[in-house]
Amino acid sequence: MKILLDTHTHTCASSHAYSTVMETAKYAADMGMEAIAVTDHAPAIPDGVHPWHFLNLKAIPRELYGVKILYGAEVNIVDLDGNIDLDDDILKKLDVVNASIHRPCYKDYGAKDNTSAYLAAVNNPLIDVICHSGAPDMAYDYEKIIDIAKKNHKLIEINNHSFYVRRDSIPNCRRIAELCREKEVGIVVSSDAHIAFDIGDYTKALDMLGEISFPEKLIMNRDLKSFESFMAEKGKKLFSWHI
């Protein structure tokens, strides 16, 4: 299948990524994408961007090269209490709020059970997607969190980038996908692109989903309309923040 909305991309505003917004959008257009979310790293990660970056996302046109642009962020879950590193007044403006744990800014790295951190995130009404959560050193109760994700209308990410840079996560990514299939919990399949050339590349993730016969109807970013509909059901209207 072809996924037409990439909900997790980075630009050179995060200095370990290497493409501009325009380069990213142009490549997305060349790939036949409908939309991308610009979701740079929030401040707690060592090269994360300043909060002002997110307040100024409205400077980016809502469409470039025929590709719709969603304003977003990848926030950091920073401790077992599930605290994150952007204020609510910023999160309320964004189309897509991804939440992840990254080792360099996770105060409780080394904890044997990280369920409480993910529990707070999946209960946070301003977080939309739980991202790349299969790392074995960030273990949590997958079934419990996925059950609550369904109840709270959250999405679980299957991250194509993990199949290259977090290879020890692959078995857990598969287990997470299997649970989402069994419990009929919506997912997004994202590139987590750190350079334009990775936009729209979901090859490894889709191969795995095919192996477990994951239903297409549960992939909520298969096109922009499906994603907009899902978000509307949770009371969130996309493209509502303009210049």
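What you see is a predicted model, and the numbers here were worked out from it, not measured in a lab.
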Inset, instruction - Look only at the side chain of N221 and the backbone of L5, and say whether a donor-acceptor pair between them is shorter than 3.5 Å. - result: yes
Legend entry - Reported CD1-to-CG distance for the pair I101 and D108, which is rounded to 0.5 angstrom: 9.0 Å
Legend entry - Residue M1 excluded, over 12 heavy atoms near CE under 6.0 Å: yes
Legend entry - H153 side-chain N/O to F230 backbone N/O, donor-acceptor pair under 3.5 Å: yes
Inset, instruction - May I ask you to decide if T203's main-chain N or O and D201's side chain share a donor-acceptor pair within less than 3.5 Å? - result: yes
Inset, instruction - May I ask you to decide whether E34 forms a salt bridge with K225, counting only side-chain N to carboxylate O separations under 4.0 Å? - result: no
Inset, instruction - Could you label the plane-to-plane angle of the H194 and H16 rings as parallel, tilted or perpendicular, counting under 30° as parallel and over 60° as perpendicular? - result: tilted
Legend entry - Donor-acceptor contact below 3.5 Å, side chain K26 vs main chain L64: no
Inset, instruction - Measure from the side-chain N and O atoms of S14 to the backbone N and O of H41, and report whether any donor-acceptor pair falls under 3.5 Å. - result: yes
Inset, instruction - Determine, for K92 against D88, whether the closest basic-nitrogen to carboxylate-oxygen distance falls under 4.0 angstrom. - result: no
Inset, instruction - Starting at CD1 of I146, measure out to OH of Y118 and round the result to the nearest 0.5 Å. - result: 11.5 Å
Inset, instruction - Verify the distance criterion only: is there a donor paired with an acceptor across the side chains of N160 and S191 at less than 3.5 Å? - result: no
Inset, instruction - State the OH-OG1 distance between Y142 and T115, to the nearest 0.5 angstrom. - result: 9.5 Å
Legend entry - salt bridge (charged side-chain N to carboxylate O under 4.0 Å, His left out) partners for R181, two or more places apart: none
Inset, instruction - Take Y18 and H10, measure what ring-ring contact (aromatic ring centres under 6.0 Å, His included) needs, and give me the verdict at the end. - result: CA-CA 8 Å; Y18 303 98; H10 296 281; over 10 Å; no
Inset, instruction - Evaluate side-chain contact (heavy atoms from CB on, under 4.5 Å) for F214 paired with E178, printing each intermediate quantity in order. - result: CA-CA 8 Å; F214 194 90; E178 288 171 341; over 6 Å; no
Inset, instruction - Enter the distance from L126:CG to I84:CD1 here, rounded to the nearest 0.5 Å. - result: 7.0 Å
Legend entry - CG on N114 to OH on Y140, rounded to 0.5 Å: 10.0 Å
Legend entry - Minimum side-chain heavy-atom gap K93-Y71 below 4.5 Å: no
Inset, instruction - For a side-chain contact (heavy atoms from CB on, under 4.5 Å) with S133, tell me which candidate from I176, N159, I145, I77 qualifies. - result: I176
Inset, instruction - Scan E74, E157, H8 and name whichever one has a side-chain hydrogen bond (donor to acceptor under 3.5 Å, both in side chains) with H132. - result: E74
Legend entry - hydrophobic_cluster_shared for I69 and I195, side chain cutoff 4.5 Å: yes
Inset, instruction - Could you pull out the closest heavy-atom pair between I130 and V122, with the gap in Å? - result: CD1-N, 4.2 Å
Inset, instruction - Ignoring hydrogens and angles, tell me if any N or O in the side chain of D47 forms a donor-acceptor pair with the backbone of S15 under 3.5 Å. - result: yes
Inset, instruction - Would you please test I187 and M220 for side-chain contact (heavy atoms from CB on, under 4.5 Å) and show each step? - result: CA-CA 6 Å; I187 69 168; M220 298 304 175; over 6 Å; no
Inset, instruction - Please report the shortest heavy-atom distance between S19 and T24, naming the atom on each side. - result: CB-OG1, 3.8 Å
Inset, instruction - Determine whether the side chains of T7 and S190 contain a donor N or O and an acceptor N or O closer than 3.5 Å. - result: yes
Inset, instruction - Find out whether I148 and L119 are in side-chain contact, i.e. whether some heavy atom of one side chain is under 4.5 Å from a heavy atom of the other. - result: yes
Inset, instruction - Determine the sole option in I36, D198, I199 for which the side-chain contact (heavy atoms from CB on, under 4.5 Å) test with Y27 is passed. - result: I199
Legend entry - Heavy-atom check, side chain of D207 versus side chain of F163, under 4.5 Å: no
Inset, instruction - Go through the steps to decide whether T11 and T20 satisfy the test side-chain contact (heavy atoms from CB on, under 4.5 Å), and finish with yes or no. - result: CA-CA 5 Å; T11 74; T20 66; over 6 Å; no
Inset, instruction - Verify, without hydrogens or angle tests, whether N124 (side chain) and A120 (backbone) share a donor-acceptor contact under 3.5 angstrom. - result: no
Inset, instruction - Given side-chain contact (heavy atoms from CB on, under 4.5 Å), test R103 with D137 step by step and report yes or no. - result: CA-CA 9 Å; R103 297 174 190 175; D137 55 355; 2.8 Å; yes
Inset, instruction - Check the hydrophobic clustering (I, L, V, M, F, W, Y; side-chain heavy atoms under 4.5 Å; chains of links allowed) and say if V78 and Y109 are grouped together. - result: no
Inset, instruction - Would you indicate whether K234, at its atom NZ, is surrounded by more than 12 heavy atoms from other residues, nucleotides or ligands within a distance under 6.0 Å? - result: yes
Inset, instruction - Would you check if the side chain of N172 reaches a backbone N or O of G134 as a donor-acceptor pair within less than 3.5 Å? - result: yes
Inset, instruction - Return yes if some donor-acceptor pair links the side-chain N/O of D87 with the main-chain N/O of I90 below 3.5 Å, else return no. - result: no
Inset, instruction - Taking the side chain as every heavy atom from C-beta outward, state whether H50 and L55 have any atom pair closer than 4.5 Å. - result: no
Inset, instruction - Compare every heavy atom of V96 with every heavy atom of A37, then report the nearest pair and how far apart it is. - result: CB-CG2, 4.1 Å
Inset, instruction - Verify the cluster assignment for L4 and Y65: are they in a single hydrophobic cluster under the rule of side-chain heavy atoms below 4.5 Å apart? - result: no
Legend entry - Nearest heavy-atom neighbours spanning A73 and F54: CB-CE2, 3.3 Å
Inset, instruction - Report, as yes or no, whether the 6.0 Å neighbourhood of atom NZ on K183 holds more than 12 heavy atoms from other residues, nucleotides or ligands. - result: yes
Inset, instruction - Please check if I45 and V75 belong to a single hydrophobic cluster, counting links between Ile, Leu, Val, Met, Phe, Trp and Tyr side chain heavy atoms closer than 4.5 Å. - result: no
Legend entry - For K236, all residues meeting salt bridge (charged side-chain N to carboxylate O under 4.0 Å, His left out), sequence neighbours excluded: D128
Inset, instruction - Decide yes or no for K237 and E228: does some side-chain heavy atom of the first lie under 4.5 Å from some side-chain heavy atom of the second? - result: no
Legend entry - Side-chain heavy-atom pair K204, M208 within 4.5 angstrom cut-off: no
Legend entry - Cationic tip of R222 above F227 ring, under 6.0 Å, 45° of axis: no
Legend entry - Check: I219 and I3 side chains under 4.5 Å, non-hydrogen atoms: yes
Legend entry - Modelled atom types, side-chain donor and acceptor of T9 and D6, under 3.5 Å: no
Legend entry - Nearest heavy atoms of L209 and A177, plus distance in Å: CD2-CB, 3.8 Å
Inset, instruction - Kindly check if the number of other-residue, nucleotide or ligand heavy atoms within 6.0 Å of NZ (K2) is above 12? - result: yes
Inset, instruction - Examine distances only and state if a side-chain atom of D79 and a backbone atom of D81 form a donor-acceptor pair shorter than 3.5 Å. - result: yes
Legend entry - Residues, nucleotides or ligands: over 12 heavy atoms within 6.0 Å of F197 CZ: no
Legend entry - Rounded distance [0.5 Å steps], OH in Y164 versus CD1 in I170: 9.5 Å
Inset, instruction - Check V185 against K154 and note the closest heavy-atom contact, atom names and distance. - result: CG1-O, 4.3 Å
